[in-house]
Protein chains: 2
Amino acid sequence: MEADPSHTWTIAEIAAEFGVTHRTVRHYEEIGLISPERRGSTRVYHRRDRTRLALIMRGRRLGFPLEEIRTIIDLYDVPRGRRSQLEYVLSQIEQRRCDLEQRRADLDAALRELDAFEAGCQAELAAMTVR
Amino acid sequence: MEADPSHTWTIAEIAAEFGVTHRTVRHYEEIGLISPERRGSTRVYHRRDRTRLALIMRGRRLGFPLEEIRTIIDLYDVPRGRRSQLEYVLSQIEQRRCDLEQRRADLDAALRELDAFEAGCQAELAAMTVR
DNA sequence: CTTTACGTTTACGTTAACGTCAAGCATCCA
DNA sequence: TGGATGCTTGACGTTAACGTAAACGTAAAG
């Protein structure tokens with residue numbers, strides 16, 4: 001929402017924005033998911049940190065453990081200067097895609113079952129209404 | 001895979017089939033996710049238990065906590081004799097659908113980002129190959 | 001008849017992901 | 001200047017989802 005690329009945020013602002021406590025934000029730093037700048041002892045968050053936080057939160061909504069989230073978002077930051085590195089990243093991408101598509105298959109199956117179940121309930125309800 | 005509806009399974013068979021330990025299966029019983037028959041002190045699993053286990057495992061793959069999985073699969077077993085019960089179930093179904101669709105949105109976003117990132121990497125690789 | 005295989009309960013241990021104090025600086029503001 | 005506010009670092013507590021070990025029953029198999 002901020003256009004200025006040099007804008008920074010405090011831990012309170014970041015926590016409020018993502019709907020978590022500052023303890024949570026610090027926990028993510030402890031395990032190396034983010035690494036805000038320090039001014040003195042105070043943490044200063046940049047856009048890069050917000051980007052990573054957003055990815056973390058989405059990973060959480062999807063139910064991924066933080067360790068797995070780390071491998072995912074770190075993938076976007078791996079240096080890709082050499083061909084071997086690029087090829088490694090590409091292989092990891094395939095890996096991730098498989099995982100995500102498996103999940104989507106499960107999700108779609110769950111949604112279809114829910115639809116069928118709802119239709120059944122609606123039918124029952126209609127039958128009750130009639131009599 | 002078993003046609004006979006009266007077929008039963010031991011805990012070892014069930015655990016092997018779903019790729020978990022017997023401790024896990026017992027844990028699910030402890031928290032009331034399944035309730036196998038008892039013959040003496042020995043657990044006897046029926047098709048109903050397998051069905052629920054399958055739902056549990058899918059919930060796990062989707063990253064749901066067991067408590068949430070319970071509310072989901074119990075929904076399929078709520079008595080729906082009275083209109084009020086049916087209406088409650090239908091409202092719960094809507095609730096679940098919202099949740100699942102939010103997840104699918106997140107999942108699709110993640111997949112699209114992955115696609116874009118892969119395309120970028122492929123382009124980089126191609127540029128390296130050319131020069 | 002005792003070993004082996006499989007089952008049971010009880011209970012403490014472990015890991016992840018934070019929650020929850022406590023105690024201490026820094027700064028703003030009336 | 002003296003709270004109030006906001007930030008910091010410990011460090012112990014908690015919940016979920018099992019792991020793991022002990023100690024015991026039972027039934028088939030050699």
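By convention in this document, chain letters (A, B, ...) are assigned in the order of the sequence lines, proteins followed by strands, and residues within each chain are numbered from 1.
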What closest approach, in Å, do [X] and [Y] show between heavy atoms, and which atom pair accounts for it?
X	Y	answer
A:L90	B:C121	CD2-CB, 3.7 Å
B:I31	B:R70	O-NH1, 2.7 Å
A:D49	A:I34	O-CG2, 4.2 Å
B:F18	B:R50	CZ-O, 3.5 Å

Original post:
How would you list, by chain and number, every residue that makes a side-chain hydrogen bond (donor to acceptor under 3.5 Å, both in side chains) with B:T8, sequence neighbours excluded?
Top reply: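 Residues passing side-chain hydrogen bond (donor to acceptor under 3.5 Å, both in side chains) with B:T8: none at all.
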
Subject >> Partners meeting side-chain hydrogen bond (donor to acceptor under 3.5 Å, both in side chains) with B:E101 (sequence neighbours left out) >> reply: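 Counting only residues at least two positions away or on another chain, B:E101 forms no side-chain hydrogen bond (donor to acceptor under 3.5 Å, both in side chains).
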
**OP:** Could you tell me whether B:R60 contacts a base, only the sugar-phosphate backbone, or nothing, with contacts defined as non-hydrogen atoms closer than 4.0 Å?
**Re:**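 Sugar-phosphate, no base atom in range.
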
Original post:
Which whole-number value in Å describes the distance from A:I31 CD1 to C:dC18 P?
Top reply: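 Going from CD1 in A:I31 over to P in C:dC18 covers 8 Å.
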
Distances for protein N or O near nucleotides 22-26 of chain C N or O, under 3.5 Å:
none

Original post:
Any side-chain donor-acceptor pair under 3.5 Å between A:D99 and A:Q95?
Top reply: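 No, A:Q95 and A:D99 have no side-chain donor paired with an acceptor closer than 3.5 Å.
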
**OP:** Would you mind reporting whether A:E37 and A:H46 have side-chain heavy atoms less than 4.5 Å apart?
**Re:**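 Yes; the side chains approach each other to less than 4.5 Å.
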
Original post:
Quick one: how far along DNA chain D does chain B reach, first to last nucleotide 5' to 3', anything under 4.0 Å to a heavy atom?
Top reply: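 First and last nucleotides in contact are D:dA17 to D:dT20.
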
Nucleotide N/O to protein N/O under 3.5 Å, stretch nucleotides 3-8 of chain C:
| residue | atom | partner | partner atom | Å |
| --- | --- | --- | --- | --- |
| C:dG7 | OP1 | B:T10 | OG1 | 3.2 |
| C:dT8 | OP1 | B:R43 | N | 2.7 |
| C:dT8 | OP1 | B:R43 | NH1 | 3.2 |
| C:dT8 | O5' | B:R43 | NH1 | 3.2 |

Original post:
Does A:T10 offer a backbone N or O that forms a donor-acceptor pair with the side chain of A:E13 under 3.5 Å?
Top reply: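 A pair under 3.5 Å: yes.
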
Give the table of side-chain donor-acceptor pairs shorter than 3.5 Å for residues 76-83 of chain A, with sequence neighbours excluded, one pair per line with atom names and distance.
| residue | atom | partner | partner atom | Å |
| --- | --- | --- | --- | --- |
| A:D77 | OD2 | A:R52 | NH1 | 2.5 |
| A:R80 | NE | B:E124 | OE2 | 3.3 |
| A:R80 | NH2 | B:E124 | OE2 | 3.2 |
| A:R83 | NH2 | B:T129 | OG1 | 3.2 |

